[in-house]
Visitor: 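Sharing a structure, written as structure tokens. Questions coming.
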Amino acid sequence: MRASDSLEHILVVQGDITRQDVDAIVNAANESLLGGSGVDGAIHQAAGPELLAECRRLGGCSTGQAKITQGYNLPAQWVIHTVGPVWRGGQHHEDERLASCYQSSLTLAVEYKIRTLAFPAISTGVYGFPLERATRIAIATVNVFLDQSSVIEQVRFVCFGDEAYEGYQSVLADTFGNSR
Ligand code: APR
């Protein structure tokens, strides 16, 4: 699949990831997988208490890795929980660890024959990762993965605010030119 083909499979939307009608949504979790604030809090709130009960049985998740659960009361059938790096200035392998979150989540999605998937802007909230830098990593990593995989039909980047939405749009335009 050529890079420009990948573009057909990438969508940037503004909104709430818990309302996305896709096969799986990705949660920006912490290593305990026992919930939190931000998108983690929103997903647990929307999914209901059974999500936490299943998460308790997973034994946590390392940074850069991903684990999957049912979606319960969410429109999405699955939740892929991944743990982004905390931003510590950029000299502690943060870029690689963030890329690994996207790769691990996509790999799990392929394993579970998930065709449509929604990502939040992992690590750019509580974990303080600079938004534009994280956006470039997210789009580049997903683009490379989609070039090599035909299982996934659509990846949505769900931006919660204007800044993220405009950031993703401009990085996408940079990456693919204005061939939309
Ligand atoms: N839908 C989509 N995006 C959202 C939503 C939502 N409902 N709520 C928040 N976001 C966005 C934030 O605006 C930010 O851009 O998700 C991005 C990630 O922010 P966080 O949720 O703070 O996640 P992160 O920076 O990865 O920090 C993870 O925060 O909630 C805790 O338990 C979590 O300890 C972990 C840490």
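Atoms within a ligand are numbered from 1 in the order they appear, just like the ligands themselves.
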Visitor: Return the closest protein heavy atom for atom 23 (O) of ligand 1 as residue, atom name and distance.
Guide: Ala28 CB, 3.8 Å
Visitor: Okay, side chain of Asp21, backbone of Ala76: is any donor-acceptor separation there less than 3.5 Å?
Guide: no
Visitor: Could you establish whether Ala164 and ligand 1 come within less than 4.0 Å of each other, counting only heavy atoms on the residue side?
Guide: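 The answer is no, since Ala164 has no heavy atom less than 4.0 Å from ligand 1.
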Visitor: Applying side chain to side chain contact (heavy atoms under 4.5 Å, CB included) between Asp40 and each of Val126, Asn27, Leu33, report the one that passes.
Guide: Asn27
Visitor: Which residue owns the protein heavy atom closest to atom 36 (C) of ligand 1, what's the atom, and how far is it?
Guide: Tyr127 CE1, 3.4 Å
Visitor: Using a strict cut-off of 4.0 Å, indicate which atoms of ligand 1 neighbour a heavy atom of Asp16.
Guide: 1 (N), 6 (C), 7 (N)
Visitor: Return the residue, atom name and 0.1 Å-rounded distance of the protein heavy atom closest to atom 30 (O) of ligand 1.
Guide: Ser37 O, 2.6 Å
Visitor: Considering only protein heavy atoms, which is closest to atom 11 (C) of ligand 1, and at what distance to one decimal place?
Guide: Phe160 CB, 3.9 Å
Visitor: Who's the nearest protein heavy-atom neighbour of atom 33 (C) of ligand 1, and how far?
Guide: Asp40 OD2, 3.6 Å
Visitor: Report yes if the distance between the aromatic ring centroids of Phe145 and Tyr102 is under 6.0 Å, otherwise no.
Guide: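 No.
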Visitor: What atoms in ligand 1 come closer than 4.0 Å to a heavy atom of Gly36?
Guide: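 Answer for ligand 1: 30 (O), 32 (O).
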Visitor: Do any heavy atoms of Cys159 fall under 4.0 Å from ligand 1?
Guide: no
Visitor: Run the contact test for Ser123 against ligand 1 with a 4.0 Å cut-off on heavy atoms, strictly below, and give the result.
Guide: yes
Visitor: Mark yes when over 12 heavy atoms from residues, nucleotides or ligands other than Glu96 sit less than 6.0 Å from its CD; otherwise mark no.
Guide: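 Enclosed.
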Visitor: N/O of Ile17 under 3.5 Å from N/O of ligand 1, yes or no?
Guide: yes
Visitor: Say whether Thr18 and ligand 1 are in contact under the criterion: heavy-atom distance to a ligand atom below 4.0 Å.
Guide: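 Flag not set, Thr18 not near ligand 1.
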Visitor: When you look for heavy atoms under 4.0 Å from ligand 1, do you find them on the side chain of Ala42, its backbone, both, or neither?
Guide: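 The part of Ala42 near ligand 1 is the side chain, not the backbone.
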Visitor: Could you check whether atom CD of Glu31 has more than 12 heavy atoms from other residues, nucleotides or ligands sitting under 6.0 Å from it?
Guide: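 Atom CD in Glu31 is packed in, count exceeds 12.
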Visitor: Does Asp174 form a salt bridge (Lys or Arg N to Asp or Glu O under 4.0 Å) with Arg136? I'd like the steps, not just the answer.
Guide: CA-CA 10 Å; Asp174 275 358; Arg136 290 189 181 284; 2.9 Å; yes
Visitor: Which residue is it: Leu172, Thr175, Val171? I am looking for the one with a side chain to side chain contact (heavy atoms under 4.5 Å, CB included) to Thr135.
Guide: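 The side chain to side chain contact (heavy atoms under 4.5 Å, CB included) with Thr135 is passed solely by Val171 among Leu172, Thr175, Val171.
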Visitor: Taking only heavy atoms of Thr124 into account, list the atoms of ligand 1 that are under 4.0 Å away from them.
Guide: 14 (C), 15 (O), 17 (C), 25 (O)
Visitor: Using modelled atom types and a 3.5 Å cut-off, is there a donor and acceptor pairing between side-chain atoms of Gln20 and backbone atoms of Val158?
Guide: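 Such a contact is absent between Gln20 side chain and Val158 backbone.
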Visitor: Is Thr82 reaching over with its side chain to a backbone N or O of Gln65, donor-acceptor style, under 3.5 angstrom?
Guide: yes
Visitor: I want to confirm something. Looking only at heavy atoms, which of Val26, Val13, Val39 is nearest to atom 21 (O) of ligand 1?
Guide: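 Of the listed residues, Val39 has the closest heavy atom.
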Visitor: Checking Glu94 side chain against Arg88 main chain: does a donor-acceptor pair fall under 3.5 Å?
Guide: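 Between the backbone of Arg88 and the side chain of Glu94 there is a qualifying donor-acceptor contact (under 3.5 Å).
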